[in-house]
Protein chains: 2
Amino acid sequence: MTTIRDVARAAGVSIATVSRVFNGNPRVGEDTALRVWDAAGELDYWPNGAARSLTTSRTQTLGVLLPDLYGDFFSEVIRGIDQAARRAHFQILLSSSHADPIEIVAAARAMRGRVDGLIIMASDRGTAEAVLGFLGRQPLVFLNPYLDPDGCSAVSIDNRAGGRSAVEHLIALGHRVIATVRGPEGNIDAEERLGGYRDALAGAGLSASPQLELPGDFTETAGFRAVSGLLAAVPRPTAVFAANDAMAAGLLGGLRDAGVAVPGEMAVVGFDDIGVARCLTPPLTSVRVDVCELGRRAVQLLLETVGPDGPAPCRREVLPARLVLRESCGCRSRTELPVLARGAGDSGERDRI
Amino acid sequence: MTTIRDVARAAGVSIATVSRVFNGNPRVGEDTALRVWDAAGELDYWPNGAARSLTTSRTQTLGVLLPDLYGDFFSEVIRGIDQAARRAHFQILLSSSHADPIEIVAAARAMRGRVDGLIIMASDRGTAEAVLGFLGRQPLVFLNPYLDPDGCSAVSIDNRAGGRSAVEHLIALGHRVIATVRGPEGNIDAEERLGGYRDALAGAGLSASPQLELPGDFTETAGFRAVSGLLAAVPRPTAVFAANDAMAAGLLGGLRDAGVAVPGEMAVVGFDDIGVARCLTPPLTSVRVDVCELGRRAVQLLLETVGPDGPAPCRREVLPARLVLRESCGCRSRTELPVLARGAGDSGERDRI
DNA sequence: CAGCGCTATGGAAACGTTTTCAGATGATTT
DNA sequence: AAATCATCTGAAAACGTTTCCATAGCGCTG
C-alpha cells in the first residue's frame, strides 16, 4: 500500500505538503499541488482512514446498532440513515442482531475509535436505560426507546397514537368485538401498538379480553396462524387490528383460505403501510409510518451533537403515524371507487399522497 | 477518552502489559492481568480501533457497496452479509446509492484503511469490469456481476435459469402468448431474467415481440401500470412473467381492479418469492432465491482471500433459483388443495420447504 | 537598503496502539 | 555457589496521518 511518504518522494515535496493538498488547504502553490495530484494518481494513493482518524480523532463514520435486520422495517431505517449520512459525507458502521444490553454495549465498545457517534435501536423495554448506563459518555441517539432516556437524543414513532387511530376507526364503523394480533413479546413497538388498541377500546367503553389479543411475531406466518384463534373466539370478532402489515397479509391469506369474506365478515387493519399493502385483496387499510424518515432524523440529531458547534442540547422527536384508508376495513367499498383511477394509470400513487 | 496509558498508570504496569492483557496474551501474570482488568473497568477503557488497525493493518471490518437499499432484495443481502460477518467477528462498513463506477471507486477509496476487503454489488453491465480496473489491488468480491470478472471472486444468482424455468412452466401449461414485465433498463438481474424469458420462448419455438415485453422498474406501481399494456396487446396474452414479486403484486392488484380473473384469464408468475407472495390473491407462483445466502457466501469468499492462509484462488459461485408453485400460474387450483393444510395451521411453511 | 509582512514549504511532534527485543527476577540444576 | 533457564515485564520503535511551528524567499514600504 502506498503511503503519503511515497507520494511526497515522487512529487519532490514533504509529506506535510501532500497532506495539505489532500485536505484542500489553499496555502499550497498551484504547480506544487498539481505535481502532488499527478504523483498520487500515478501511485494510486489515497490517505489511510485509520491513520487519519487517529490524528484528527474524527472518523466520518456513524455506528448503527440494530436488534435485527429482517423485514421492511429495518431495511427502511437503514436506508434513511444511509441517505442522511451520505449527504453529510459520513459512512455507516453496521452491526445487528443484538438481543440484550450486554451485547449492545460490547458491540459499541468494539466500535470505539471507529465512529463519531452511535445510533442505537433498543427494541426491548429497559434496554435504552441499561445501555445508557454504560455508554453515557459518547454521542448517541436512540431509536424508539421505551422511555425518554436522560441526557441523549431520541427519535421514535408514535406507535400508540397510530394503533389507537386504527382501532378508533373500526369502532366508528360500528365494530364492537375487535381482536388484535400482537407483535413479539417485549418488543416496544408491539407493546405500544397494543397500548393504542387498548386505549381505543377503553375510550369507547369496550372491554378488552385476553382471547382477543392473539399472539404473533411480526411474520406472515403468524398472521396465518392467528386466523384459527380469531374464528374460535366467542363472541366472534368482526374486525382485527394486526400490529404490522406482514401479519395483516397473513391474516388476509388465512381468511381467504378459510372462506371468510373481508371486509364483509371480518374487517382487517394493518400497520406500516408496506408497498404491497395496496396490492393485497382487498387492498389493506394500514397505518402509514415514514420509517425512512425515522432513520434520517436520527442521523440529523446525531450530527447535531457531533458537529463542530459543540454538543447541542439533547432533543426528542416523535414521528406521526397516519391511517391510510383502503378497502380491507370496509369503509370504502370497491365499487364506490372510480374504477378508472384504480386501473393502470396513476392509481398506484393515489393513496400514497 | 481514556487511553492505554491511563490504564497502565492506574494499574502500575507498562502499556505493553495492558496491551497484552487486552489481546489475550498468556505471558502475563495472573494477578497483574487482574489489576489491569480492574483498572480498565474502573476507567471504562477499551482499545481505540483506529490506532489498533494502524499498527496491525487489520480492521475486522468489511466494506459493502450497494447500488441501492430499497426493497426486500437489498435488505436480505445485507442481512446475510451481517450474519456471516458477525459470526467471524467482523463489522460492516456500509455505503449505498452508487449509480456508476466512478462513485463506487470514490466510495471504495474513502474506505481505504478502514476495511480489510470489499463486497461490491455492481448491478449495471460493465460496472464490475470498470471498477476492477481501479480497485484491482485489494481483496474484493462481486455480487451479481454481468460477466465473470478476472482475478477476483464473485457470487451471483442464476437469474437466467430461474426466468427460463418460470416461463417454461407457463408454456408447459399450454400458454402460447406470454408477456413479461421487465426490470430497470441496464440492471443486470433484470436483463438476465429477461434473457431467461426469451430463452424459454425460443426453446418452444414461440416468437418474442416488443409489445409483449412491458417496461418496469421493480416497483409495485410499475406492475399496476403494466396492466393496461398487457390487456391492450394483440393477440392478448394469457400469461405474464414479472421480473420481480413487487411488480407481480402490482399486476395482481391491477388485474383484480380491471376484473381480469387470475389465473383463469391471465396466469401470473413472479420472481424472488418474497414473504407476502403466498398471502396475495391468488397466492403467487414465484421463483425462489435465497438472497440471504447470497450475502453469506460473499462474506465467506471474501474472508477466504483476506484470511490468514493468504489469498485463496478466486472463485465463482452461482446460486440456484427454483420455481415455487402456487395458484397464480393456474397449475394448482385452489379447490384441489387440502383445505385444512392451507388453513391456520402449518400451511404457511408448507410451500417454503 | 534595512525592515516588514506575506506566502509556500519543511521538520517534527503528536495520535493510541502492537510488537520486538532485552532485562529482571526467581527457580532449578550442576 | 555458580550457571542455566523460564517467566514476566518494560522500553522503544513502528504504523500513516495531521498540524504546529519555524524558516526561506520575495516583494513592499519607508
Side-chain angles (χ1 to χ4, degrees), chain A residues 1-40 43-61 109-116 137-138 308, chain B residues 1-40 43-61 109-116 137-138 308:
Chain A
M1 192 59 67
T2 72
T3 75
I4 199 172
R5 247 166 273 273
D6 302 319
V7 178
R9 198 177 313 121
V13 297
S14 74
I15 61 166
T17 299
V18 177
S19 172
R20 276 188 277 258
V21 169
F22 268 85
N23 288 292
N25 189 320
R27 304 161 81 82
V28 175
E30 267 187 55
D31 45 343
T32 312
L34 224 59
R35 279 213 315 283
V36 169
W37 281 122
D38 277 357
L43 298 170
D44 189 30
Y45 167 78
W46 199 264
N48 180 301
R52 203 197 270 246
S53 33
L54 186 56
T55 43
T56 61
S57 68
R58 283 170 57 260
T59 62
Q60 296 295 106
T61 304
R109 280 224 178 96
M111 289 185 171
R112 203 168 277 189
R114 290 189 209 281
V115 298
D116 292 335
R137 317 283 310 174
Q138 53 210 301
Chain B
M1 193 59 68
T2 72
T3 77
I4 200 173
R5 248 167 273 273
D6 301 320
V7 178
R9 198 176 316 121
V13 297
S14 75
I15 61 166
T17 300
V18 177
S19 173
R20 276 189 276 258
V21 169
F22 268 84
N23 287 292
N25 187 320
R27 304 161 81 80
V28 174
E30 264 188 59
D31 45 344
T32 312
L34 223 59
R35 279 213 316 284
V36 169
W37 281 123
D38 276 358
L43 297 171
D44 189 29
Y45 167 78
W46 198 263
N48 179 302
R52 204 197 271 245
S53 34
L54 186 56
T55 43
T56 61
S57 68
R58 282 168 60 259
T59 62
Q60 297 293 106
T61 304
R109 280 224 177 97
M111 289 185 172
R112 204 168 274 188
R114 291 188 209 282
V115 299
D116 292 335
R137 317 285 310 177
Q138 52 211 296

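Just so we're clear, the structure is a prediction, and the values are computed from it rather than from any experiment. Each chain gets a letter, A, B and so on, in the order its sequence line appears, and its residues count up from 1.
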Q | Inter-axis angle, terminal five-pair segments of the helix from C:dC1-D:dG30 to C:dT30-D:dA1 [nearest 10°] | A |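 Axis angle across the helix from C:dC1-D:dG30 to C:dT30-D:dA1, nearest 10°: 60°.
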Q. Do you know which two heavy atoms are closest between A:W46 and B:R112, and how far apart they sit?
A. N-NH1, 3.5 Å
Q. Of the non-hydrogen atoms in B:A50 and A:G113, which two are nearest, and what is the gap between them?
A.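 The pair with the smallest heavy-atom distance is CB-O, 3.4 Å.
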Q) Does any non-hydrogen side-chain atom of A:T2 lie less than 4.5 Å from one of A:D44? A)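 SC-SC contact between A:D44 and A:T2 ruled out.
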What pairs of residues pass the salt bridge (Lys or Arg N to Asp or Glu O under 4.0 Å) test when at least one of them lies in [range], not counting sequence neighbours?
| range | result |
| --- | --- |
| residues 46-61 of chain B | none |
| residues 20-32 of chain A | none |
| residues 3-16 of chain A | A:D6-A:R9 |

Q: With a 4.0 Å heavy-atom cut-off, tell me which residues in residues 10-31 of chain A come close to DNA chain D, sorted by residue number.
A: A:I15, A:A16, A:S19, A:R20, A:N23
Q. Tell me, which of residues 48-61 of chain B have any heavy atom that sits under 4.0 Å from an atom in DNA chain D?
A. B:L54, B:T55
Q) Applying the side chain to side chain contact (heavy atoms under 4.5 Å, CB included) test to B:S19, which of B:I4, B:V36, B:V7, B:V28 qualifies? A) B:I4
Considering residues at least two apart in sequence or located in another chain, which fulfil the side-chain contact (heavy atoms from CB on, under 4.5 Å) criterion with [X]?
| X | value |
| --- | --- |
| B:T59 | A:R114, B:S53, B:T61, B:D116 |
| B:S57 | none |
| B:A110 | A:Q91 |
| A:L34 | none |

For [X] and [N], give me the distance from atom [atom1] to atom [atom2], rounded to whole Å.
| X | N | atom1 | atom2 | value |
| --- | --- | --- | --- | --- |
| A:R9 | C:dT9 | CZ | C1' | 18 Å |
| A:I4 | C:dG10 | CD1 | C1' | 13 Å |
| B:W46 | C:dT17 | CH2 | P | 12 Å |

Q.
So, taking the atom named CG in A:N48 and the one named OG1 in A:T3, what distance separates them when rounded to the nearest 0.5 Å?
A.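 Here the rounded value is 9.5 Å.
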(Q) Could you tell me the boundaries of the chain A footprint on DNA chain D, defined by atoms under 4.0 Å from its heavy atoms? (A)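 Going 5' to 3' along DNA chain D, contacts run D:dG16 to D:dC20.
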**Q.** Residue list, ring pair (Phe, Tyr, Trp, His ring centres under 6.0 Å) with A:Y45, at least two apart or on another chain
**A.**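 Expected list: A:F22.
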